[in-house]
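Heads up, the thing below is written out as structure tokens.
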Amino acid sequence: MSISTVPTFDLEESLAREGYSVIVGFDEVGRGSLAGPVMVGAAAFLAQRLPQAAHDMPHYLADSKMLTERRREALYEPLQQWADAWAVGSATSAEIDEWGISHALGIAALRALDTVERTLFGAFADAASATSATQSGGVFRAQGSMPAAGAQEPTLAADWDALDPARMPRVGAILDGPNDYITKALGTFEAPAVSMPAHVVTQVKGDQHCGSVACAAVLAKVTRDRLMTRLAETNPDYARYGWAHNKGYGSQEHRAAIAQYGPCDEHRTSWKLL
């Protein structure tokens, strides 16, 4: 597949110059699906390591929609190692029905951000909020690849004094699309108490232009696709909807199965399914 647009770190570096010490790219998957969760991927990069990360960007990284399934799967493990921390937050079909899709996306994104911050800052993030670890529910996958601290390159955690707000890390975020649903969800009853709320900038087609967003997009897409395939392969009640192929989206096969069998517990019943 020909890829005409290669993402860069231009916007990430711009945020770093504004003083943000961690840059997190966000992208969603599953917004238009009829069944299954919506997920938001988060890929975090330390500002001090952006030049090296740009140099080490995995080959063929691009907007996940421009990649074949095989290429996305091939990138999945390298991207996990490339980002300094990553997570995929989710909101269930029941939560989507209760809250609406925009708020569900915001909660999923904050769940991912909360986990990324805990991965990067550990006990420091725990000290900054009174949130218990059990509130990280809704995060489907998470990992950190924080480099070991060297004498000339201290980690942010080592530099952070939890008692001195001036020395707390500043988090900048790039969200794919035109609407900031992350900030709108912050501080709501359903949201995790994120230790360091991010300053969010939106970027239309961010998954095509921003390396952090492209990384988040692929991680979220592969994570959700694998989940929908596994549900179909392990439960015959789900298999009849063809999720192994349509991943819960409104294909003709999927809608025909809903008409024949009715919706199941993973369908978004507040949506027009037929």
Side-chain angles (χ1 to χ4, degrees), residues 1-7 24-45 57-83 85-93 96 101 104-113 115-116 138-143 173-177 179 181-182 202-233 238 241-251 254 266 268:
M1 175 177 289
S2 175
I3 299 174
S4 58
T5 303
V6 177
V24 188
F26 289 91
D27 200 10
E28 68 190 53
V29 63
R31 174 192 284 261
S33 179
L34 303 181
V38 68
M39 293 188 176
V40 179
F45 296 84
M57 185 178 295
H59 293 300
Y60 304 112
L61 178 61
D63 172 7
S64 64
K65 295 183 290 296
M66 300 172 63
L67 300 172
T68 63
E69 181 177 4
R70 182 177 181 180
R71 183 75 75 190
R72 290 193 298 267
E73 286 284 349
L75 282 167
Y76 192 61
E77 298 296 335
L79 290 177
Q80 294 175 33
Q81 300 303 316
W82 180 52
W86 68 276
V88 178
S90 69
T92 66
S93 54
I96 294 168
I101 188 63
L105 283 165
I107 297 302
L110 289 172
R111 287 168 173 168
L113 177 61
T115 299
V116 160
V139 178
F140 205 78
R141 296 289 299 274
Q143 177 174 319
I174 305 170
L175 174 61
D176 182 60
N179 300 313
Y181 48 72
I182 297 177
T202 58
Q203 176 65 54
V204 175
K205 297 185 178 179
D207 46 2
Q208 294 183 25
H209 301 294
C210 303
S212 63
V213 180
C215 178
V218 173
L219 292 172
K221 174 67 173 169
V222 174
T223 298
R224 188 179 185 281
D225 282 359
R226 288 182 177 183
L227 170 65
M228 298 305 293
T229 299
R230 185 165 64 252
L231 288 174
E233 290 177 346
Y238 297 149
Y241 297 105
W243 293 348
H245 308 291
N246 60 54
K247 307 302 189 267
Y249 287 90
S251 67
H254 190 181
E266 284 290 341
R268 303 172 188 178

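Just so we're clear, the structure is a prediction, and the values are computed from it rather than from any experiment.
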R111 side chain reached by I107 side chain, heavy atoms, under 4.5 Å: yes
Taking every non-hydrogen atom, the tightest pair across M228 and P37: SD-CD, 4.2 Å
Backbone of L105 reached by a side-chain donor or acceptor of R31 within 3.5 Å: no
Parallel, tilted or perpendicular: ring planes of Y76 versus W86, cut at 30 and 60 degrees: perpendicular
Y249 side chain to A35 backbone, donor-acceptor under 3.5 Å: no
Sub-4.5 Å side-chain heavy-atom contact between I101 and Y181: no
Atom of C215, atom of L61 and distance for their closest heavy-atom approach: N-CD1, 4.1 Å
Where I96 and A104 come nearest, the two heavy atoms and their spacing: CG1-CB, 3.8 Å
T229 and K247, any side-chain heavy atoms less than 4.5 Å apart: yes
Nearest-0.5 Å distance that lies between atom NE2 in H245 and atom NE2 in H254: 13.0 Å
Flag side-chain contact, heavy atom, 4.5 Å: R72 against D225: yes
A83 to F45 - nearest heavy-atom pair and separation: CA-CE2, 3.7 Å
Shortest non-hydrogen contact between N246 and Y241, atoms and distance: ND2-O, 2.9 Å
From CD (E69) to NZ (K221), nearest 0.5 Å: 8.0 Å
Distance in Å, R268 CZ paired with T92 OG1, rounded so as to fall on 0.5 Å steps: 9.5 Å
N/O donor-acceptor pair under 3.5 Å between D176 side chain and G25 backbone: no
Side-chain heavy-atom pair L227, R230 within 4.5 angstrom cut-off: yes
Gap between atom CG of L175 and atom CD1 of I182 - 0.5 Å precision: 4.5 Å
D27 side-chain N/O to V213 backbone N/O, donor-acceptor pair under 3.5 Å: no
Pairwise side-chain contact, R224 with S90, heavy-atom cut-off 4.5 Å (strictly under): no
Non-hydrogen atoms of G41 and A216 that approach each other most closely: O-CB, 3.4 Å
